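All of these numbers come straight from a predicted model, not from anything done at the bench.
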Amino acid sequence: MAHVVVIGAGQAGLSCVAKLRNLGFDGQVTLIGEENVPPYQRPPLSKKYLLGEMDIERLYLRPTRFFGDHDIDLRLGEAVVLVNRADKTLQTTTQSLDYDHLVFATGSLPRRLPAAIGGTLDAVHTIRDLKDVDKMAPEFVAGRRVLIVGGGYIGLEAAAVAASKGLKVTLVEMADRILQRVAASQTSDYFRDLHRTHGVTLLEGVGLDRLTGTGRVSGALLSDGSVLELDFVITGVGISPATALAEGAGLDIENGIRTSAHGRTSDPYIWAAGDCASFPFRGDRIRLESVPNAIDQAECVAENIIGAEKPYIARPWFWSDQYDIKLQIAGLNNGFDRVVTRANDAVSKSFWYFKGMELLAVDAANAPRDYMVGKRLIDGGKSPDPEALANLEINIKDLMRL
């Protein structure tokens, strides 16, 4: 009887094992997770869960009975320490297992501040898993002072939660503007204004020189020479694919675990999906850090394990919730040379990325119809007239017919 072992009990790992059973796979299925809780949603951690608006049971992706009902051997609190490709075995912290197919769904790890600048002081937090958020939650008391390092989406979401709970928030971004790596200046402008309206002190082009304190962080020295007194710090300076185990097994690594369009690694019996995996995309090789990608790619891997030989066709989309604003993103804006703004009103706006006359992506802030239309156009390989986009006299849905 074939045995599929999946390393990583997050969104990708769960999606893979659930799809295997949904497709009628009747072999052994083992899902191994280092945390002591069943697979759960990560996006709400930095939003509704941290705000206290969602309890832990609502985070779970499946009720705990799901795994027994579907004959999935869920092993929690267990880490894989070695993969031996020659004899198709792996060693966990408690035992050895054989596999016929192995799936890496190991996700990603948060980048941390170096110890030399105070990154290991107490009350310096990252946001990646349930443990991280549970540890920092008691810090969110009105009137306390928090420094957020990094102006990407994670940092901005943390700033929104802190400001909503009445904390005094300072956010520093060493690049010229927030969201510089992932968005156009128009999107940056929108969210800069949003955060400043909610009382966030937002410093761009300013880096962190070092954190100060004895044992616990108590302050920060910034690159412009200013000094802050603090109660705690949140770092949102990016993530890295969790590839150490795959590297140890001798798999090819290229911005993550290198996979084919079918999800196979350099070993035909080992697969990878989710944040940890890079894959071919439109003549390039990319790695997508998103829930939709984790689900779709992992389900494609499950199909291919049982013989589908189906290439994974990514249709990227993302979202971010900040205050009462929902940002929805479709497509990838790599290589854009023009941005068209559609301003429905002061709050509802969308920013459309073009390369020449080709639509690449759209950022839609409180503009669900714009997002829906943009996603359908991008997925269908269609590009509207950029001038028509900015014309509010043209109904957004009519753009699909122009």
Side-chain angles (χ1 to χ4, degrees), residues 2-20 23 25 27-34 39 72-73 75 78-92 96-109 239-316:
H3 185 194
V4 177
V5 178
V6 179
I7 306 172
Q11 185 77 69
L14 173 67
S15 298
C16 184
V17 298
K19 187 68 172 180
L20 283 169
L23 293 170
F25 178 74
Q28 290 179 265
V29 175
T30 301
L31 179 60
I32 303 172
E34 292 190 21
I72 297 167
D73 183 9
R75 304 188 178 202
E78 195 165 347
V80 177
V81 296
L82 180 69
V83 173
N84 187 326
R85 292 165 50 199
D87 60 8
K88 295 170 75 172
T89 63
L90 58 86
Q91 182 66 49
T92 76
S96 179
L97 292 172
D98 298 323
Y99 68 83
D100 295 287
H101 290 275
L102 181 64
V103 181
F104 278 84
T106 46
S108 53
L109 301 170
I239 60 177
S240 302
T243 59
L245 185 64
E247 290 182 59
L251 297 177
D252 289 351
I253 306 296
E254 184 179 351
N255 183 28
I257 304 170
R258 181 186 173 95
T259 70
S260 69
H262 298 88
R264 281 191 181 89
T265 69
S266 51
D267 183 313
Y269 300 101
I270 301 180
W271 312 72
D275 285 7
C276 68
S278 69
F279 59 93
F281 181 79
R282 297 180 181 175
D284 201 355
R285 174 165 292 276
I286 64 170
R287 189 174 54 82
L288 289 178
E289 300 165 359
S290 74
V291 169
N293 175 70
I295 295 170
D296 295 344
Q297 192 177 23
E299 289 186 347
C300 184
V301 162
E303 292 180 60
N304 290 331
I305 285 173
I306 60 176
E309 291 298 324
K310 172 184 173 182
Y312 173 55
I313 308 298
R315 292 180 170 82

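- Closest heavy-atom contact between Gln297 and Gly274: OE1-N, 2.9 Å.
- For the pair Tyr312/Asn304, no side-chain contact is recorded, criterion being any heavy-atom separation below 4.5 Å from C-beta on.
- At a threshold of 4.5 Å between non-hydrogen side-chain atoms, the residues Val83 and Phe104 count as touching.
- Minimum heavy-atom separation, Gln91 to Ser96: OE1-CB, 3.5 Å.
- Side-chain contact between Glu78 and Glu34 is absent, with no heavy-atom pair separated by less than 4.5 Å.
- Between the side chain of Ser260 and the backbone N or O of Arg264 there is at least one donor-acceptor pair closer than 3.5 Å.
- Smallest separation of non-hydrogen atoms from Tyr99 and Val5: CB-CG2, 3.8 Å.
- Considering all non-hydrogen atoms of both residues, Ala12 and Ala273 come closest at CB-O, 4.0 Å.
- If you take CD1 on Ile286 and CZ on Phe279, they are separated by 4.0 Å, rounding to the nearest 0.5 Å.
- Here the side chains of Leu82 and Leu90 are not in contact, with every heavy-atom distance at 4.5 Å or above.
- The stretch residues 273-286 participates, sequence neighbours left out, in these side-chain hydrogen bond (donor to acceptor under 3.5 Å, both in side chains) pairs: Ser108-Asp275, Arg128-Asp275, Ser278-Arg285.
- Note that the CZ atom of Phe281 and the CG atom of Leu288 stand 7.0 Å from one another [nearest 0.5 Å].
- Side-chain contact between Leu23 and Ile306 is present, with at least one heavy-atom pair separated by less than 4.5 Å.
- In this structure, Ile7 and Val103 have side chains that are not in contact, with every pair of non-hydrogen atoms separated by 4.5 Å or more.
- Rounded to the nearest 0.5 angstrom, Gln28 CD and Asp100 CG are separated by 8.5 Å.
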For a side-chain contact (heavy atoms from CB on, under 4.5 Å) check, start with the C-alpha distance between Ile239 and Glu289, then their side-chain angles and the critical distance, and finish with the verdict.
CA-CA 9 Å; Ile239 60 177; Glu289 300 165 359; 3.4 Å; yes
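- Expressed to the nearest 0.5 Å, how far CG of Leu102 lies from OG1 of Thr89 amounts to 10.0 Å.
- Among residue pairs with one or both ends in residues 239-258, none qualify as ring-ring contact (aromatic ring centres under 6.0 Å, His included); sequence neighbours excluded.
- Here the straight-line distance linking atom CG of Leu251 with atom OG1 of Thr265 works out to 4.5 Å at 0.5 Å rounding.
- From Asp296, atom CG reaches atom OG of Ser15 across 8.5 Å, with rounding to the nearest 0.5 Å.
- Residues passing the side chain to side chain donor-acceptor pair (under 3.5 Å) test with Asp73 are Arg75, sequence neighbours excluded.
- In this structure, the salt bridge (charged side-chain N to carboxylate O under 4.0 Å, His left out) partners of Glu303, at least two apart in sequence or on a different chain, are Lys310.
- Here the closest non-hydrogen pair linking Val301 and Cys16 is CG1-SG, 4.4 Å.
- Minimum heavy-atom separation, Val4 to Phe25: CG2-CZ, 3.7 Å.
- Note on residues 248-257: pairs passing side-chain hydrogen bond (donor to acceptor under 3.5 Å, both in side chains), not counting sequence neighbours, are Glu254-Arg258, Asn255-Arg287.
- Remark: His101 engages Trp271 in a side chain to side chain donor-acceptor pair (under 3.5 Å) (not counting sequence neighbours).
- Looking at heavy atoms from C-beta onward, Thr243 lies out of side-chain contact with Thr106 at the 4.5 angstrom threshold.
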Could you go step by step and tell me if Thr92 and Ile32 meet the side-chain contact (heavy atoms from CB on, under 4.5 Å) rule?
CA-CA 9 Å; Thr92 76; Ile32 303 172; 4.2 Å; yes
